[in-house]
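Scroll down for the structure; my scribbles are underneath it.
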Protein chains: 2
Amino acid sequence: MTETPPRRDHGVPAAVPRVRLVDVAREAGLSKTTVSAALNGTGRLSPAVRERAREVARRLGYRPNPTARLLRAGHARLIGYAVGEYPTGPGSYMDSPYFTQLTSAIATTALRHGYALVLLPTGSSPDEWADLPLDAAIVADPLADDPLVEGFIAARIPLSSDRSVEGRSGTHWVDVDAEAAVREVLDHLRAQGARRIAVVAPDTPTSFYTAALDAYRRWCAEQGATPLVTLSTRPGNGPAVEAVERSLTTPDRPDALFMLTEANPPLVLDAARRLGLSVPADLLLVCASEDTSAAHADPPVTTLSLQPVSVAEKGVELLVAALESGSLEPTGALVRTRLEIRTSSERGGEPAGGAALRRRGRQEAEYTSAPPT
Amino acid sequence: MTETPPRRDHGVPAAVPRVRLVDVAREAGLSKTTVSAALNGTGRLSPAVRERAREVARRLGYRPNPTARLLRAGHARLIGYAVGEYPTGPGSYMDSPYFTQLTSAIATTALRHGYALVLLPTGSSPDEWADLPLDAAIVADPLADDPLVEGFIAARIPLSSDRSVEGRSGTHWVDVDAEAAVREVLDHLRAQGARRIAVVAPDTPTSFYTAALDAYRRWCAEQGATPLVTLSTRPGNGPAVEAVERSLTTPDRPDALFMLTEANPPLVLDAARRLGLSVPADLLLVCASEDTSAAHADPPVTTLSLQPVSVAEKGVELLVAALESGSLEPTGALVRTRLEIRTSSERGGEPAGGAALRRRGRQEAEYTSAPPT
DNA sequence: TTGAAAGCGTTACCAA
DNA sequence: TTGGTAACGCTTTCAA
C-alpha cells in the first residue's frame, strides 16, 4: 500500500495544491519509485507501465518540484553574479557597454555549460545571498577587500574574479593584459606621428585602470615624454566629456588623446570639434570602449576593446572546470585586448563627412515611404 | 542520543565534506533542534546554550544548506527573467540602453522585495529552466506565442510580461502608453513649426512599435498629413543610421524626424550634419532613447523616454503582490512615457557649439597633469 | 528549557 | 519488472 500523508498547508495560501509524485503514483496505482523511473527514463520498466505513468502525470499536470530534486542532486547549477565597481554612484554598472557585454556573455556562457546566473546586488552583504543555493560565484571588478569576495571565500563557494584573488583556495581569476594593451595603443599613436599623447582615465581603483595608468607612465618615462593625465572623477558621459575638454585645453595642447574612461565616442569627437580640433588632422583619437557607435562615428573612431566576451568565457570556463572536477586548485588567465584601428587615429585619414558622402552614393532600395492617404 | 548516519558520498567528489547541522549538534552535545533554534533565534533557549551552539557553529564553519531550507520553506525567492526580442540577431538585447536599464531596474526592484533574478536565455525552451526553483517569471517584450510565456503559464508559474498576456490566470502586464507618447511628441513638433514629420521605426512586431506606428498614422490622418515612414530592418546603430539617411533624402524632405528606432543620438546628429542639415534650424529631432549621451550631444537631443525603470518597478510590484497574497487574479498597468525637451526640437534653439563655448568659460580647477619626469 | 520525530518531495538502493 | 524504504539537510510540532 502507498502511504497517504495528510497535507498540512503552511506558509502562503496555495491557490492550487501542487500535484506531487505520490499523487501521480496513487492515481496510477503504482509506487513513487516506479513513476519516478518512468518519468526520468531510468530503470527497467515495462513499456506499458511507463506509458501509463506518463499519461497520468500528464493528465494531472504533474511538475516535479525543482527544490526537492536539487536537495537530492546536491547542486543547484546556479552561479551568483555581482559587479563590484561603482558601489555608490547613480546609474548602475549596466550603463557601461563593457559591463553589459560582460554580463550578457557570462550569462550566455554559463547557460551553455548548464548553469544559470543569479543577479546579485552590487555592494550587498554576504547575508543577503546566504539563502540562495549558489554552486559558485563571479564578482566582476571587485573593490579592495570586497565584502562579497570575502564572503564567498569564507563560505567556501568557488569564485571567479580578477587578479586580486590570485592564489586563494577555490578561486579563479581572469584579467586583461593592461600593460600590453597600453603599449600597443601608445606605440600605434607614436607611429602615426603623435608626440604629446594625453590620457583621460577614471578616478577608480579598478585594477585595469590602475595598471593602465602605470603602464602609461612607464612608457612616457622610457620615451622621455611628459605624462598628460586628466582624471574623470564621476562615472557617466557628462563628466567624461568635461574631462576631455579639460585635457585638450591644457597649456601644452596634446596631439593625441587616449580615452581610457569609457565614453560615447561620438561625444568625444563632438568635444574636439567644439574646441576647433579636427580629428585626425589635429588630434589622433583612441577610445577604450565597447560602444558600437565608434564604428559609425564620423570619422570612425579607433577603439581598444577589453574583450569582455573573452573575459566572460574564460572566467566561466575556469569556474566550471573546477566545479566539475571538484578541485580547489586556484587557476587564472590573462586575456589579450584588441585594437581596432579606424580613421580617427590614422594621420592622413579621411576628414569628417567623407565616409557619409560615399555612402550616399549607393543608396539602397529598401526605402519605404507610405503613399499619401 | 543523536543519530550518527554514515555519510555516503554521491555525485561530484566533494573536496571538503560539508559541515551539517547534526555535526554541530554532536560537537556541542546538543540536538539538531536546539542548534537550529539557537542559530535562527527562535524558540526559548537559555542564553548559555544558545551561545554555546553559536560558538561551535562558528568554530566549525557551519553554513546551513540553502536548498534544504528552501525545500522546507516551499519557495526559493527566485524570479526568472528573459527578454523575448531579437531572438536571433547578433548582439544580445543587452546592446540596447532600454533593455539594460530595464534589466538593471528589475533586478534592483526584485532584490528590494527579497527576490533574486535568474537570467534565462532568450528563446530557450521550457525544459531548460524546469529544474530551476522559480517562484515567478518576467518576460520582457515577448514574441508572438512566445514559448517561454506559454511554458510559464502551463507550469502555473506567476508571470509578468506585456499586454499580450492580459487576462490570463496568474499573469500580470505592464505596458507603455504608446498612443499618448506618440501624440505628445507629434504635437510638440507641430507646435514648433514642423509640417512634414518623418518617422524611423524598427521592423519588429514588438507591441510598442506596432502601437506607436498606428498612432502616428492616425495622427497624420487627423492632421491631413502624409505619413513618412522608414523602417530599419536590423538592430544596431549601423542600420539605424542608414535608415536615417534614407529618411532624410526622401523627395519630400522632412522638416522633423522622430526616431522610434533606438539609436545613439549623436550618431543621428552626425547623419543630419553630413546631409547638410542643421539641427534644429533645418530639422527638428526627437529620439525615443534612454541613451544618456542625448543630454550631452551638440545640440542636446530631445528624447522620449519609455521609462524602463517605471516599467520594471510596476512589473515586479504586481508580481510580488500576487505572490505574497497567493492570488491568481490577473492585474496590469499602463506606464506614462516622458518627453525630455532639449534644443534639438526647439525652433530657434541654439546651434551646435554654443553650449560648449559657454562651458569652456567656467574651466574647473580639477585638472591634474603630472609634472615632467 | 530541551529533544525526538515527523515531515518537505525527490531519487537510489536493494529486496521481492 | 516492481516497490518499500532510506536518505538529502533542514525546521517545527509536540511531548518530556
Side-chain angles (χ1 to χ4, degrees), chain A residues 1-12 14 17-26 28-53 57 60 62-76 130-133, chain B residues 1-12 14 17-26 28-53 57 60 62-76 130-133:
Chain A
M1 282 288 96
T2 317
E3 75 273 43
T4 310
R7 301 211 68 186
R8 189 166 24 79
D9 267 15
H10 64 283
V12 187
R18 254 188 95 95
V19 178
R20 298 158 304 168
L21 193 59
V22 275
D23 300 323
V24 178
R26 192 179 323 103
L30 296 167
S31 78
K32 294 195 300 180
T33 312
T34 307
V35 176
S36 174
L39 298 180
N40 291 328
T42 57
R44 295 163 297 280
L45 269 49
S46 71
V49 168
R50 182 158 306 214
E51 189 40 51
R52 179 149 53 97
L60 263 41
Y62 168 73
R63 308 269 168 175
N65 179 323
T67 309
R69 311 184 89 163
L70 260 32
L71 181 59
R72 276 274 4 171
H75 58 251
D131 278 339
L132 297 175
Chain B
M1 281 289 96
T2 316
E3 75 273 43
T4 311
R7 300 209 70 187
R8 187 167 26 78
D9 268 15
H10 63 280
V12 187
R18 254 187 95 96
V19 178
R20 299 159 303 168
L21 193 59
V22 277
D23 299 323
V24 177
R26 191 179 323 103
L30 296 166
S31 76
K32 292 198 303 179
T33 313
T34 307
V35 176
S36 174
L39 298 180
N40 291 329
T42 58
R44 292 163 298 283
L45 269 49
S46 72
V49 167
R50 179 155 308 204
E51 189 41 50
R52 180 149 54 95
L60 263 41
Y62 168 72
R63 307 269 167 177
N65 180 321
T67 309
R69 310 184 87 164
L70 259 34
L71 182 57
R72 275 269 7 167
H75 58 252
D131 277 341
L132 297 176

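In what follows, chains are A, B, ... by sequence order, proteins preceding strands, each numbered from 1.
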#### Entry: Leu21(A) CG to Lys32(A) NZ distance, which is reported to the nearest 0.5 Å
7.0 Å
### Query
Just how far is it from atom OG1 of Thr67(A) to atom CZ of Arg72(A), taken to the nearest 0.5 Å?
15.0 Å
How long is the line joining [atom1] of [X] and [atom2] of [N], in whole Å?
X         : N       : atom1 : atom2 : answer
Leu70(A)  : dG9(C)  : CG    : P     : 15 Å
Leu39(B)  : dT11(D) : CG    : C1'   : 12 Å
Leu132(A) : dC10(D) : CG    : C1'   : 17 Å
Lys32(B)  : dG9(D)  : NZ    : C1'   : 7 Å
His75(B)  : dT11(D) : NE2   : P     : 12 Å
Arg50(A)  : dT1(D)  : CZ    : P     : 11 Å
Leu71(A)  : dC10(D) : CG    : C1'   : 8 Å
Asn65(B)  : dC8(C)  : CG    : P     : 18 Å

Do any side-chain nitrogens or oxygens of [X] fall under 4.0 Å of OP1 or OP2 in [N]?
X        : N       : answer
Asn40(A) : dT11(C) : yes
Thr34(A) : dT1(D)  : no
Thr67(A) : dT10(C) : no
Arg69(B) : dC10(D) : no
Tyr62(B) : dG9(D)  : no
Ser36(B) : dC10(D) : no

#### Entry: Position toward the 5' end of DNA chain C (nearest nucleotide), Leu21(A) or Arg44(A)
Leu21(A)
### Query
Mind checking whether Leu70(B) and Pro133(A) have side chains closer than 4.5 Å, heavy atoms only?
yes
#### Entry: Tyr62(A) side chain near Val35(A) side chain, heavy-atom distance below 4.5 Å
no
#### Entry: Donor/acceptor link under 3.5 angstrom from Arg72(A) side chain onto base of dA7(D)
yes
### Query
Got a donor-acceptor pair under 3.5 Å from the side chain of Thr33(A) to the base of dG4(D)?
yes
### Query
Minimum heavy-atom separation for Arg52(A) to Leu30(A), with atom names?
NH2-CD2, 3.9 Å
### Query
Considering only dC10(D), dG4(D), dT1(C), which nucleotide approaches the side chain of Ser31(A) most closely?
dG4(D)
